[in-house]
Each structure stands twice: as C-alpha cells, then as structure tokens.
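Predicted model, so just to flag it, every value in this text is computed and none were measured. To find a chain, count down the sequence lines: A is the first, B the second, and so on, and within it residues start at 1.
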Amino acid sequence: MNMYAFPFHGETLYALPSGALHWPARGLLCVSDLHLGKSERRARLTGALLPPYEVAETLDRLESAVDATRPETVICLGDSFDDITAADTLDAAATRRLARLQAGRDWIWIEGNHDPGPVTLPGRHLSHLRLGPLSFRHIATPGAVAELSGHYHPKHGLPGIGGARPCFLLDRDRLILPAFGAYTGGLRASDPALAGLMRPGALALLTGRSVIPVPLSV
Amino acid sequence: MNALPEPFAAWFAARGWTIHPHQQAMLDRADAPALLLIAPTGGGKTLAGFLPTLVGLAEGTHRGLHTLYVSPLKALAADIRRNLTAPITEIGLPIRVEDRTGDTSATAKRRQRADPPHILLTTPESLALLTSYEDAPRMFAGLRRVIVDEIHALSESKRGDQLMLALSRLQALAPGLRRVGLSATVENPAALAGELACHPRPCEILHADPGPDPDISMLVTDAAPPWSGGGAAYAIPAVLDLVRRHRTTLIFHNTRAQAEIFFHNLWLANDDDLPIGIHHGSLARQQRERVEAAMVAGDLRAIVCTGSLDLGIDWGDVDLVIQIGAPKNVKRLVQRIGRANHRYNAPSKAVLVPANRFEVVECQAALQAARDHDLDGDPKGPGPRDVLCQHILIRACAGPFDATELFQEVRSTGAYAALSRADFDDCLDFCATGGYALRAYDKWQRLMQRDGMWQLRDPRAAARIRMNIGTIQDIETLKVRMRGRGGTPLGEVEEAFAATLTPGDTFLIGGQVVRYEGLRDLVVEVSRRAAANPKVAVFMGTKFATSTQLSQRILAMFRIGDFTALPDHTADWLRLQADRSRLPQADRLLVESFPHDGRESTVIYGFAGRNAQQTLGLLLTKQMEEAGLNPLGFVATDYATLIWGLDAVPDPVPLLNPDAMRAGLDQWLAGNAVMKRTFRASATIAGLIERNTIGPRKSGRQATFSSDILYDTLVKYDPDHLLLRITRDQAMRGLVDFARIEEMLTRTAGRIDHIRLTRVTPLAAPLFLEPGRVPIQGEGREKLVQREAARLMQAAGLTDL
C-alpha cells in the first residue's frame with residue numbers, strides 16, 4: 001500500500017490512501033466523518049431519494065482498512081452518523097457488519113456535531129480522548145498541540161495537474177483527517193476556516209491511489 | 001376560404017398590406033387539430049399564428065384564457081406583446097394580452113391564475129409550472145389554441161419534450177385545443193410536425209414562400225487567418241469596414257468567450273466610434289435590455305452576439321449578418337442569415353469569417369452546402385425519460401392522478417408515442433420510491449397510491465418540486481458585480497473560472513476589462529481596469545459538433561484535391577500537409593505519430609465531429625493506459641483527436657479495432673467524465689438532485705458532495721438503475737456520439753495509414769493550441785503528480801520531513 005509515514009510528537013503515524021490513519025505502536029486505526037445514514041436522513045428531512053448504498057460502501061472501505069491494519073483499537077473521530085436517528089435506524093445488515101468489525105476490539109465513538117449522542121450501538125462513547133501524547137477530538141481547537149481532528153473534510157489539488165483530492169492537513173501541532181464516508185463533500189484547504197488553523201509550512205497529504213505530500217502554500 | 005372579417009381587412013388596407021397566402025391559409029385551417037407553418041423571418045409569421053385567435057376573440061364573448069403562446073425566450077414574449085398591441089388597439093379589439101415568465105412579479109402571477117387574460121405569452125418552464133398548480137383545470141378549461149413559436153429551436157433540446165408533455169396535459173384539460181407551430185426552415189418538416197401533433201391526430205404542414213436565395217460570401221483578407229483560435233482578430237479592420245458600409249450588422253459568434261474577445265478587439269480598433277453593442281446569455285439582464293432597447297431604437301450600427309440572438313426578436317433594419325468562425329451546421333447558418341433583412345422578398349446578405357486556417361476550408365464547404373440548400377440534421381431519438389420523470393412529479397403536484405390515464409396522455413405526445421407501459425412504470429416507480437434494487441424507502445416514498453390514485457406522500461414536497469422545474473442545464477456560475485455598495489451587475493462566470501482568479505487578475509466581461517478584487521457572499525467583485533492582456537472569462541454554452549454533411553463535404557474537397565476555390569494561404573497549407581504527410585481521405589483513417597515538446601503525440605483524423613472525436617480520445621487513452629503507454633491527456637476538435645503521453649504508440653491498429661471498441665464501450669465509459677456530466681444533467685431533471693433549494697448558498701462550508709459520487713455508487717451497487725440506463729442512452733446519442741464513430745469505422749473499414757514522423761505536421765500543429773484538454777487520471781499522471789510534489793517539497797525545503 002502506498003501509505004505515508006511521518007513523525008508526530010515522538011510517534012510514527014501512517015496516512016493511508018483511503019483517508020484512514022494508522023498508529024502501529026498502539027495498534028490503532030482512526031477514521032473520521034463516516035456520515036453513515038446520510039441517504040436515510042436526506043429522505044426523512046427533504047424527501048430526496050438518494051441511492052441508499054452509502055452505508056454499504058463506507059463499511060466496505062472501513063472493512064478494507066481494518067483487514068489491512070488489524071487494529072486493537074478503532075477510533076471514529078466524530079460525525080460517524082449523519083444524525084442520531086440515522087444511527088438508530090441503521091438496517092440489520094449494517095449493524096451486523098459493524099458488530100463483526102467491532103468484535104474483539106476497543107471501539108471508540110468520538111462525538112461530533114452531527115452525532116452528539118447518545119448512540120445506542122456498542123462501543124465507548126466519548127467527547128474526546130487522550131492517548132499518550134496525542135489527543136483526539138472532532139473539531140480542532142485553535143492553539144491546541146498534538147491534536148488529531150476531523151470535521152472539515154479538507155481537500156486540495158495541485159494547480160494544473162488534476163482536480164482536488166481529499167487530504168490530511170499536517171503541521172507540527174495538529175493533524176486534520178479527511179472525511180472517510182462515501183457521501184461526503186470537501187472543503188478546499190485554502191478556505192479561511194481551514195487555512196487559519198494551520199501553521200506556515202503545513203503539508204497536505206493527498207489521498208487517492210497513493211498518499212502524496214505537498215506543501216499547502218507554495 | 002374564410003374571408004378576413006371587415007375590421008381586419010380595413011386595418012390591413014389602411015397599412016397598405018394585403019394578406020399573405022400563408023396567413024390566409026392559417027385562417028382557412030383554423031379548425032385543424034394541429035398546423036405547422038414554415039416561413040422565413042419577416043414573413044408575417046407571428047401574425048399568421050395569431051390571426052385565427054384575434055378573429056375568434058373579436059366578438060368579445062370568450063371568457064378566460066383563449067390562446068397560449070409559448071416561445072423559448074422571455075424577451076420574445078415581451079416583444080410579441082408589443083407587436084400584438086398594434087392591431088388590438090388600432091382595430092379596437094376587446095382582447096387582454098399579458099406575458100408570464102420568470103421575470104413576472106409574484107403579484108401579477110397570482111392575479112393571472114385567478115383571472116387569466118385572453119392571450120397569455122409564456123415559456124415552456126413557466127407553462128410547466130402553471131400545470132403543476134391544483135387550479136390548473138379551472139385555468140385551462142376554456143383554452144382554445146396554443147401557438148408554439150420558434151418550434152425548430154425548442155425541438156433541439158429537452159425543453160421541447162417538456163413543452164409537448166405539458167401540451168398533452170392541456171389537451172386533457174381542454175380537449176378541443178388546437179395547436180399551431182411556427183418554424184424557420186428545417187431539414188425535416190414531417191418530423192417536426194410529428195412532434196407537435198396530438199397523436200393519433202394529424203398535423204398539416206404549410207410552407208410560406210421562402211423568398212429569394214441569400215447572398216452569402218466568405219471574407220477574404222490580405223492577412224491570412226491564424227493557425228488556430230476563434231478570435232478572428234485578423235479580420236477586425238475588414239469587419240469594421242463592412243459595418244461602416246451597412247445600416248445595421250449582426251456579428252454572430254459560436255461561443256460567448258469568442259464574442260467577448262472580438263468585441264474587445266473591435267473597440268480597440270473602432271476609430272470612428274461606431275456605436276456597437278454586445279449581447280449574450282451570460283450578461284446581466286439590465287445589460288442585455290439596454291442593448292436590445294438601443295437596437296430597437298436604431299441607435300446601434302452593429303451587435304456582437306451569440307445564439308442568444310438566433311431567435312426572432314424583431315430588430316428591424318438588419319441588412320448584414322456576419323458569422324465569425326465556421327458555422328458547424330448549415331441549418332443554423334441558414335437560419336442566422338435569415339435574421340438579415342426582415343423585408344419579405346429581398347435577399348438576405350451574409351459574410352462568413354473563418355477564424356483560423358482550417359475554418360477557411362469549413363466555411364467554403366458550408367458556403368457550397370447553403371447554395372445547394374443541403375440542410376443537415378440528425379434524426380432525434382425517442383422522448384427522454386428524465387423529462388418524463390419530471391413530468392410525472394409535476395403532475396403529482398397538481399393533485400392525485402390515475403397512472404393509466406397519465407400514460408395515455410403521455411403517449412399522445414409525438415416523442416413518447418412509442419413509449420411502453422413498462423418504461424412508463426419504471427419512471428413512475430423512480431418518482432415514487434427512487435427505483436432502487438434495495439427497497440430502502442418504504443417509509444419515505446415520494447409518491448403513494450391511495451384508493452388507486454397516485455399522490456404526493458407529503459404535500460409539502462410540491463414546493464421543492466416546483467422550484468426545480470425545467471430542463472435547462474446549468475453550470476455552477478457566480479455573479480460578477482462592480483465593487484461597492486449597489487455595484488452594477490455585469491453578468492456571470494463559471495465557478496471553475498472564478499476559482500482560478502487571484503486578486504489583481506484582469507478579465508473580460510461584457511466588453512470591459514475588469515480587475516478581480518475578491519469574492520464576497522459568492523459574488524465576484526471587480527473594479528474597472530484597463531489592461532493589455534486580460535484573461536477571458538469562461539462561460540457556459542455548448543460547443544456544437546460539425547455536422548456529418550459538412551465533414552463529408554470537406555473530405556470530398558480533399559479527395560478531389562482542387563483547392564482553387566480557397567485562398568492561397570490555405571491552399572498552400574493543405575499542399576504542404578500532402579507533401580509532408582498526407583491529406584485525410586473519407587475512405588481511409590489517417591494516424592500520425594511524432595514526438596513534440598517532450599511528449600509522444602498521436603493524431604487520429606477521424607472527421608467524426610467534436611463529440612465523437614472526444615469519445616475516441618477516451619476509448620483510445622483507456623486502451624493505451626492498459627497497454628502501459630502512460631497517456632497523459634488528449635484534446636479533440638471536429639476533425640481530429642490529439643493524444644499525448646510518456647510513451648510512443650508503436651501501432652494504432654489494435655487500438656482502433658472496431659470489435660474491441662464496441663465490446664468494451666460500456667465498461668470503458670462507465671468511469672468517464674462525459675458519463676458523469678450526462679448523469680448530472682439527467683439526475684437533476686429527473687428530480688434526484690435539486691438544482692435549487694430553499695435559502696441562499698453559503699460559503700466557507702464543506703460543499704455538498706458531488707453527483708459524481710452518486711454516479712459511482714450506482715454503477716457499483718445498482719448498475720441497472722433507471723437513471724444509469726437513461727444516462728447511457730443519452731450519452732450514446734449526445735456527448736458520446738458513438739454513432740459517428742461507427743460511421744467513421746464503417747467508411748474507413750480498417751484502412752489505417754499510420755505515418756511516423758520526426759516532428760509535428762502542418763495539419764496537426766493547430767491542435768496543440770486548442771483549448772479543452774482532457775487530462776487522463778492514470779499511471780502517467782500519478783507519476784507526474786509525484787514528480788511535481790517532490791519538486792515542490794524540495795523547493796519548500798521540506799524533503800527531510
């Protein structure tokens with residue numbers, strides 16, 4: 001797999017092409033913004049009948065990441081569900097698949113703005129988590145150090161060489177994960193909301209076929 | 001023969017007019033269920049359409065709506081209202097005429113529904129909206145006649161299909177409804193009549209006297225046209241001279257961007273300060289209205305314009321039409337030329353201006369075709385089902401309906417006359433449940449059946465459906481406005497273009513050079529700034545493919561090898577190509593390969609039209625990717641596809657194998673951008689994606705995920721879904737245009753001439769300057785991205801990270 005290894009506060013982390021993050025020393029896999037149940041929520045709220053396959057697709061991707069890394073701990077970094085009702089109305093096939101993925105693992109649901117809890121599915125439910133030197137939360141806190149977050153769905157592209165791809169944003173203080181879910185859009189890394197969080201010299205790690213690091217501002 | 005009633009005859013006589021034979025014929029056949037009138041511009045076509053209505057309403061006994069007039073342009077509706085006012089007031093007829101378009105105020109619209117005028121002038125979209133209201137049966141119950149103006153133009157897009165479906169609805173509400181279509185010259189009148197008819201009832205065709213043949217020529221200047229591009233800047237002095245020597249000139253362009261550049265250059269050279277305006281669909285309404293008013297008042301000597309002036313607004317005194325760039329299609333050329341000289345029985349005058357060297361050849365071919373009255377056009381396919389889905393949703397907004405009744409109404413429409421019940425039921429199921437193999441939406445169905453009648457599950461959904469009525473494709477655009485409070489709106493540009501701007505960049509819009517200042521609330525703010533080399537804004541708008549007939553004429557010219565009709569510069573260029581490589585032939589396929597600019601290039605001269613050459617590019621690069629040739633991208637024109645990559649193509653024959661091409665087409669196309677674009681359009685029309693939502697768009701948030709994701713998901717999990725079938729059908733006919741690849745393969749029958757050269761050939765050189773390059777997201781690109789990323793990392797001193 002064409003992953004990208006990088007040092008972060010004394011630890012070695014791996015950005016995977018799928019947009020998941022692997023921390024081998026802790027046997028940990030982290031994914032953010034799954035937005036499971038998005039089509040169900042859209043139908044409920046707006047009447048739009050989107051193809052109801054995003055749960056299956058997102059779980060496929062998650063299963064591949066789990067199979068590839070065999071983690072002891074999985075952290076879902078918030079907005080795992082498009083809303084709480086969507087979490088409660090996941091169909092039987094999806095809950096069975098989730099249960100299989102969770103078996104024998106410490107599974108942590110970090111709460112997000114879409115899914116502030118309580119979620120009835122198995123697993124630990126936390127507002128944030130500290131593990132060794134690193135802290136995990138859904139939305140980045142300005143000025144935080146050694147923090148991993150999601151929420152913004154960052155994307156970035158190289159001018160003149162193809163379109164924007166979902167990406168990790170990395171500087172010496174923080175890492176922002178791309179959205180892992182199938183039905184998710186992106187926010188350009190140059191958007192002030194995102195650019196304002198990152199230090200000068202930050203990197204974008206483009207996902208896709210392989211992880212490609214590029215400087216965020218040239 | 002119905003004699004013209006006295007007050008009308010007196011009005012004609014007072015103006016020194018006699019009734020045209022086709023106007024009399026329309027009056028005589030006022031009771032025909034459907035009539036198609038084909039007449040040149042200026043032949044009193046509109047009056048011919050309205051005469052039976054005016055005569056019928058003269059008694060003053062009709063209550064409510066009598067005649068509906070539908071045209072493709074809002075401006076046309078307003079123009080017709082002015083033109084009808086003359087006979088109505090001068091004869092003193094008791095007739096109320098109003099227009100109803102997207103520009104009509106909400107108050108006026110409400111009043112029109114409660115108390116409709118005798119004659120309502122509207123557009124297909126506004127009509128579809130009217131039929132969606134619950135009070136539609138009351139409003140349309142007394143409707144006698146419907147007049148479809150510029151029906152040839154509507155027929156070219158899904159707007160025509162939507163309109164005809166709406167007419168089937170009106171016919172059910174008012175069974176005695178008579179239909180009239182008004183059309184410019186077309187290649188196949190019978191097909192157009194079939195679209196207008198209420199099946200199985202007939203539609204008679206009336207031909208007005210077409211008038212004398214137009215006087216068409218090609219502009220030949222001392223300076224040769226450039227090798228590529230559409231600017232035609234070389235022709236500016238000659239065009240100004242033509243403008244000077246005529247009263248009013250329309251200067252047509254094929255794209256909005258080209259119109260902007262030409263207008264800019266025209267102004268720079270306009271030493272006499274001739275009053276010249278610009279008009280195209282991306283300009284703000286106020287800007288367009290100002291130009292239209294000046295034109296009507298006779299204040300302008302010329303208008304630089306696009307297809308936005310193709311249709312029949314009466315501009316009065318136009319005595320010259322100039323077409324900049326090859327016309328691509330003889331029918332449209334002839335229709336445009338008809339815009340000159342609205343006096344009946346005087347020849348229209350037109351000059352073709354080739355924008356580059358190859359277009360000299362194209363213009364010559366078009367000139368001959370127009371003289372031979374050889375109009376082109378491809379037969380249309382059956383009615384598109386995405387439009388049908390929208391029609392079903394619109395019907396549901398108006399109240400509960402019976403599926404069989406609606407099916408029968410739909411089948412009375414020409415384009416849907418052969419629709420099977422199974423196909424109809426598929427569309428109905430899509431509207432009701434989404435039509436997925438995984439039945440996930442039992443609880444949230446959009447339509448439900450109660451007591452045998454279909455209806456909206458949640459009546460509040462009607463508001464959302466109404467907001468998304470229409471079939472016009474819109475690309476995401478941003479408004480452009482002068483900076484400052486209440487800054488003048490200038491028009492709109494594509495979002496993708498806006499994203500390339502940084503503060504300080506200058507670009508052209510509405511004929512002015514402006515400086516990009518910033519983006520505020522999704523409005524591009526600019527200031528006035530003169531600059532020598534502005535960028536050109538990217539506008540939406542279609543690039544038409546050169547028609548099969550025109551391509552054939554060009555190839556025939558190459559075969560004969562007689563270039564005496566062409567100017568020397570172009571004839572010499574073609575002879576040089578014949579010398580260095582060879583000229584393409586109709587019954588052989590010429591392929592050239594050569595290194596250029598650090599890449600390996602291959603050119604395939606298929607002469608299959610832009611869309612098919614584009615598809616050829618997709619199919620060939622896909623195979624080259626599999627063969628490990630690392631293609632990086634391609635660009636297509638109407639006559640050739642240029643592919644460049646990291647490795648040379650050793651032998652094109654296996655790549656061009658017809659069986660392999662056909663067999664793999666579906667799989668090859670599944671992942672490509674053309675299919676995704678087609679899917680986006682169909683999914684929007686069918687109501688899967690909403691174009692408009694309630695409330696403004698917001699900036700600074702994650703964009704909604706793209707329709708490409710929905711497409712990819714459907715391809716993977718529900719490959720037989722209705723929308724994918726619709727997408728495939730439409731792409732094959734439209735943007736993919738595989739029919740013309742088949743035509744090319746058949747006529748060349750495997751006779752491939754692969755010529756390997758050490759450098760670029762005369763015919764290939766212009767391709768390298770062609771815009772619209774399509775990047776290939778393959779291994780070659782991945783290598784390039786990695787190389788470039790590494791370079792940037794190095795430059796930023798981050799390699800050790």
**Prompt:** Which value, rounded to the nearest 0.5 Å, describes the distance between A:Ser39 atom OG and B:Trp444 atom CH2?
**Reply:** 12.5 Å
**Message:** So which atom in A:Ile212 and which in B:Ala789 form the shortest heavy-atom distance, rounded to 0.1 Å?
**Reply:** CG2-CB, 3.4 Å
**Message:** If I measure from the heavy atoms of chain A, does B:Leu438 come under 4.5 Å with its side chain, its backbone, both, or neither?
**Reply:** both
**Prompt:** Can you tell me if CZ on B:Phe768 sees more than 12 non-hydrogen neighbours from other groups inside 6.0 Å?
**Reply:** yes
**Request:** Name the region of A:Ala182, side chain, backbone, both or neither, that has any atom closer than 4.5 Å to a heavy atom of chain B.
**Result:** backbone
**Request:** Give, for atom CZ of B:Arg464 and atom OG1 of A:Thr46, the distance between the pair rounded to the nearest 0.5 Å.
**Result:** 5.0 Å
**Request:** Just give me the residue among B:Thr713, B:Leu723, B:Ile689 that pairs up with chain A most often, heavy atom to heavy atom, under 4.5 Å.
**Result:** B:Thr713
**Fill in**
When rounded to the nearest 0.5 Å, the distance separating SG of B:Cys431 from CG of A:Leu49 is 9.5 Å
**Asked** CZ of B:Arg460: more than 12 outside heavy atoms within 6.0 angstrom?
**Response** no
**Request:** Find the distance between NZ (B:Lys443) and CD (A:Glu40) and round it off to the nearest 0.5 Å.
**Result:** 7.0 Å
**Message:** Can you tell me which portion of B:Tyr717 sits under 4.5 Å from chain A's heavy atoms? Options are side chain, backbone, both or neither.
**Reply:** both
**Message:** Between B:Ala437 and chain A, with a heavy-atom cut-off of 4.5 Å, which part of the residue counts as in contact: side chain, backbone, both or neither?
**Reply:** both
**A:Ala179, part contacting chain B, at a heavy-atom distance under 4.5 Å** = neither
**Message:** Nearest 0.5 angstrom please: B:Asp718 CG to A:Tyr53 OH, how far?
**Reply:** 3.0 Å
**Request:** Please round to the nearest 0.5 Å and tell me the distance separating atom OH of B:Tyr441 and atom CZ of A:Arg42.
**Result:** 10.0 Å
**Message:** For a 4.5 angstrom cut-off between non-hydrogen side-chain atoms, does B:Leu710 reach A:Glu54?
**Reply:** no
**Asked** Do you know which two heavy atoms are closest between A:Thr184 and B:Ile709, and how far apart they sit?
**Response** O-CD1, 3.5 Å
**Prompt:** Given the rule in the side-chain contact (heavy atoms from CB on, under 4.5 Å) test, do A:Val214 and B:Arg791 qualify, once you have shown the distances and angles that lead to the verdict?
**Reply:** CA-CA 9 Å; A:Val214 294; B:Arg791 192 188 66 75; over 6 Å; no
